[in-house]
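Since the structure comes first, as C-alpha cells, the remarks are kept for the end.
Along the sequence shown, residues are numbered consecutively beginning with 1.
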Amino acid sequence: MNTTALALLELGAVFFALGMLGRVAGRIGMSPIPLYLLGGLAFGSGGFIELAEANEFGHVAGEIGVVLLLLLLGLEYTAAELVTGLRRSWPAGVVDIVVNSIPGVVVALLLGWGLLGALTMGGVTYISSSGIVAKVLNDLGRLGNRETPVVLSILVFEDLAMAIYLPILTTLLAGLSFISGLRALGIALVTITIVLVVALRYGRYVSAIVDSSDNEVFLLKLLGAALLVAGAASALNISAVVGAFLLGIAISGSTAHQAAKLLEPLRDLFAAIFFVAFGLSTDPRAIPPVFGWAVLLAVVTTVTKVATGWWAARRQGIRRMGRARAGAALVAHGEFSIVIAGLAVSVGAVVGELAALVSAYVLLMAVLGPIAARVVEPLVALVKHEPGPAVTP
C-alpha cells in the first residue's frame with residue numbers, strides 16, 4: 001500500500017474514532033479531553049496499534065489546534081474585561097499561583113527533573129482549564145451565580161499569567177541565557193501592554209481589517225492573521241499561543257462574536273487532534289511508574305484549588321455554599337497543562353517521563369473537575385444537614 005493511501009486510512013480512522021469518543025463523552029456528561037488523550041496513547045508508540053503515517057499531520061494540526069484554542073479564548077474577553085478582572089482578582093490570582101504551582105515544583109524536584117522540570121510542572125499544576133470550567137458552569141446553570149464572577153476573574157488572571165509565563169518557559173527550554181530570558185519577558189510585557197492599549201482605544205480598526213461580509217473571506221483572513229501572529233510571536237520567543245491569545249483580545253464587538261461562531265467547529269476539530277497528538281507522542285508504558293505521583297498531585301491540587309476558590313469567594317462576602325462551588329469549579333485541568341508539557345517535550349529539554357506524568361495527571365483532573373463541580377452542593381448540604389436546593393449562594 002502506498003504512503004498516501006496509508007496516511008488517508010490512518011487519518012480517517014483517527015477522525016472517526018474521535019467522533020465516537022466525543023459522542024461517548026457527551027452521553028456521560030464529561031469532557032472529551034481524557035478520552036482523546038487515551039485515544040492518542042492507544043495508537044502511539046507503545047500503544048495497541050502505532051499509526052506512524054498520521055504522526056506528521058497530527059503534529060502540524062495539533063499546533064494549529066493550540067493556536068485556535070487560544071485565539072478563541074482571547075475572543076471571549078475584551079480588553080476592558082481583562083483590566084477589570086485583573087484589578088478585582090489580583091490578590092486571589094497571586095495566592096492561586098503560589099499555592100497551586102508548589103505541588104508540581106516539589107514533585108519535579110523529588111523526581112530529579114531539575115529546575116526546568118520544576119518550572120514546567122509548576123505551570124502544569126497551576127493553570128485550570130478555562131474551556132472545561134466554562135462548559136461545566138454553563139451545563140449546571142451557574143453562570144448567573146454570585147460566585148461565578150470570582151471564578152471567571154481568577155481564570156482571567158491565569159490566562160494573563162500564562163502570557164508572561166510561556167515566553168519565560170520557551171526561552172529557558174531553548175537553552176538561551178538569563179539575559180535572553182529577561183529580554184523575552186520584557187518583549188512579552190511590552191507586547192501585552194501595547195495590545196491592551198490598542199484593543200481599548202483602536203480595537204474597531206483591528207476588527208475592520210479582518211472583518212468581511214463573506215464568511216469564506218472572513219475565515220481565511222482570520223485564520224491567516226492568527227497563524228501569522230503566532231509565527232511572529234514564536235520567532236520572538238514569546239510563544240505562538242500567546243500571540244494568538246493577544247490577537248483574540250484585539251478583535252472586539254460583533255466581529256469577535258462572528259469570528260467565534262465561524263472558528264468554533266475548526267477549533268473543536270484541531271483541538272481534538274492536538275490532544276490525540278500529545279497522546280501519540282507519549283509512551284503509555286512510561287505511565288505506570290509515575291501514576292502514583294499523578295494521583296498524589298491530583299489529590300493535593302484538588303484540595304489547593306478548592307481552597308483557592310473558597311478563599312477568593314469569601315473575600316467577596318459569598319456564603320459557604322457559594323465558596324464551595326467556586327473552589328470546585330477551578331479543579332479541572334486540561335488544554336493549558338498539555339500545552340505547557342508539549343512545549344517542554346517538543347524541544348527535548350526535559351525527561352520523557354514528564355509527558356507520561358502530565359498525561360496521567362490531566363486524565364485524572366479533567367474527570368475530577370466536572371465531578372467535583374456536580375457533587376459539591378449535595379456534599380456541603382449533607383455536612384450542614386440541609387437539603388441542597390434550599391441553600392442560598
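For A313 against V150, the heavy-atom pair with the smallest separation is N-CG1, 3.9 Å. Residues G334 and V362 share a closest heavy-atom pair of CA-CG1, 4.0 Å. Nearest heavy-atom pair, G104 versus L297, reported as atom, atom and distance to 0.1 Å: N-CD2, 4.0 Å. The two residues G369 and V331 make their nearest non-hydrogen contact at CA-CG1, 3.9 Å. Between A372 and A328, the shortest heavy-atom contact is O-CB, 3.6 Å. When all heavy atoms of A250 and S207 are compared, the closest pair comes out as O-OG, 4.3 Å.
Looking only at distances, no side-chain donor or acceptor of T308 sits under 3.5 Å from a matching main-chain atom of D96. Between the side chain of R27 and the main chain of G22, no donor-acceptor pair closer than 3.5 Å is present. Of the possible donor and acceptor atoms, one in the side chain of D214 sits under 3.5 Å from a partner among the backbone N and O of V217. Side chain of S129 to main chain of H333: no donor-acceptor pair is present (N/O by atom type, distance under 3.5 Å, no hydrogens or angles). The closest donor-acceptor contact from the side chain of T301 to the backbone of T304 lies at 3.5 Å or more, if one exists at all. Between the side chain of T125 and the backbone N or O of N100 there is at least one donor-acceptor pair closer than 3.5 Å. A side-chain donor-acceptor contact under 3.5 Å links K305 to the backbone of Y126. Under the 3.5 Å distance criterion, the side-chain polar atoms of S128 are matched with a main-chain donor or acceptor of L330.
Here the CZ-CZ distance, from R325 to R146, works out to 10.5 Å after rounding to the nearest 0.5 Å. The line from CG of L115 to CG of L109 is 7.0 Å long, rounded to the nearest 0.5 Å. Separating the CG atom in L354 from the OH atom in Y361 is a distance of 12.5 Å, to the nearest 0.5 Å. To the nearest 0.5 Å, the span separating CZ on F270 from CG on L69 amounts to 11.5 Å. Here CG of N215 is found 8.0 Å from NZ of K261. Values are rounded to the nearest 0.5 Å.
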**Request:** Would you please test V210 and V206 for side-chain contact (heavy atoms from CB on, under 4.5 Å) and show each step?
**Result:** CA-CA 7 Å; V210 298; V206 177; 5.7 Å; no

**Message:** Does V133 form a side-chain contact (heavy atoms from CB on, under 4.5 Å) with L137? I'd like the steps, not just the answer.
**Reply:** CA-CA 6 Å; V133 172; L137 291 177; 4.0 Å; yes

**Request:** Evaluate side-chain hydrogen bond (donor to acceptor under 3.5 Å, both in side chains) for D211 paired with Q258, printing each intermediate quantity in order.
**Result:** CA-CA 9 Å; D211 199 6; Q258 181 65 10; over 6 Å; no

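Linking Ile, Leu, Val, Met, Phe, Trp and Tyr residues whenever their side-chain heavy atoms come within less than 4.5 Å leaves L296 and V303 in two separate clusters. Cluster membership check: I33 shares its hydrophobic cluster with L21, using side-chain heavy-atom separations under 4.5 Å among Ile, Leu, Val, Met, Phe, Trp and Tyr. Tracing side-chain contacts under 4.5 Å through hydrophobic residues (I, L, V, M, F, W, Y), one reaches L140 starting from L368; they form part of the same cluster. Hydrophobic clustering (side-chain heavy atoms under 4.5 Å, transitive across Ile, Leu, Val, Met, Phe, Trp, Tyr) groups V124 together with V295. L111 and L364 fall within a single hydrophobic cluster, where Ile, Leu, Val, Met, Phe, Trp and Tyr side chains are chained together by heavy-atom contacts under 4.5 Å.
Enclosure of atom CZ in R23 is not indicated, since only 12 or fewer non-hydrogen atoms of other residues, nucleotides or ligands lie within 6.0 angstrom.
Both the sub-6.0 Å distance and the 45° axial angle are satisfied by R315 relative to the ring of W311.
V151 has its side chain out of reach of N145: every pair of non-hydrogen atoms, C-beta onward, lies at least 4.5 Å apart. Counting heavy atoms from C-beta outward, V229 and L71 have side chains that stay 4.5 Å or more apart. The closest side-chain heavy-atom distance from E353 to W113 is below 4.5 Å. Counting heavy atoms from C-beta outward, F157 and I97 have side chains that approach closer than 4.5 Å. Side-chain contact between F274 and L269 is absent, with no heavy atoms from C-beta onward closer than 4.5 Å. Contact check for T302 versus M365: side-chain heavy atoms found under the 4.5 Å cut-off. Using a 4.5 Å cut-off on side-chain heavy atoms (C-beta onward), T255 and F218 make contact. Looking at L223 and L68, their side chains come closer than 4.5 Å, going by heavy atoms from C-beta outward.
In summary, of the residues considered (L219, I64, L222), a side chain to side chain contact (heavy atoms under 4.5 Å, CB included) with L266 occurs for L219 alone. A side chain to side chain contact (heavy atoms under 4.5 Å, CB included) with M121 holds for exactly one of I340, V105, V358, L116; it is V358.
In summary, R323 and E147 do not engage in a salt bridge, as defined by a charged side-chain N under 4.0 Å from a carboxylate O.
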